[in-house]
Amino acid sequence: MPASAAGLLELVADTAQQLADAPTRPQFVRTAAAPQQMATASASNSGYGPYFGSVPDMSEVAGGFRLADVRDGGPAAKAA
């Protein structure tokens, strides 16, 4: 693991050079999409907060919160 930005750039440059010098190009392999995992407060990949599976309605609502949509298979859909 590079300890600095310069180390990271050196790693990227070395990898690119190895790929350029290789006798054959790397083979593209299509894989199945990884299943989405439920984000927790301590391990969120979005950096925004917990995932509820809801789409907020961003119009102004006095004294409440309105949903525009609910994502299929998400926690909000399962709670409905």
Side-chain angles (χ1 to χ4, degrees):
M1 179 87 143
S4 66
L8 176 60
L9 291 175
E10 185 176 348
L11 175 66
V12 170
D14 289 346
T15 302
Q17 191 62 56
Q18 288 177 13
L19 289 169
D21 293 343
T24 59
R25 294 181 65 173
Q27 181 180 1
F28 175 79
V29 178
R30 185 176 304 274
T31 61
Q36 281 191 331
Q37 296 179 349
M38 300 306 284
T40 63
S42 62
S44 172
N45 21 351
S46 71
Y48 184 68
Y51 174 71
F52 296 108
S54 59
V55 179
D57 181 342
M58 301 308 272
S59 63
E60 200 164 321
V61 178
F65 180 82
R66 188 179 304 174
L67 297 179
D69 196 8
V70 173
R71 302 284 184 206
D72 290 340
K78 292 176 184 173

Qualifying residues under side-chain hydrogen bond (donor to acceptor under 3.5 Å, both in side chains), relative to Asp69, sequence neighbours excluded: none
Over all heavy atoms of both residues, which pair between [X] and [Y] is shortest? Give the atoms and the distance, please.
{"X": "Arg71", "Y": "Ala77", "result": "O-CB, 3.4 Å"}
{"X": "Tyr51", "Y": "Pro75", "result": "O-CG, 3.7 Å"}
{"X": "Ser54", "Y": "Ala76", "result": "CB-CB, 4.3 Å"}

Over 12 foreign heavy atoms within 6.0 Å of CG, Asp72: no
Atom pair CG (Leu19) and OG1 (Thr24), whose distance is rounded to the nearest 0.5 Å: 10.0 Å
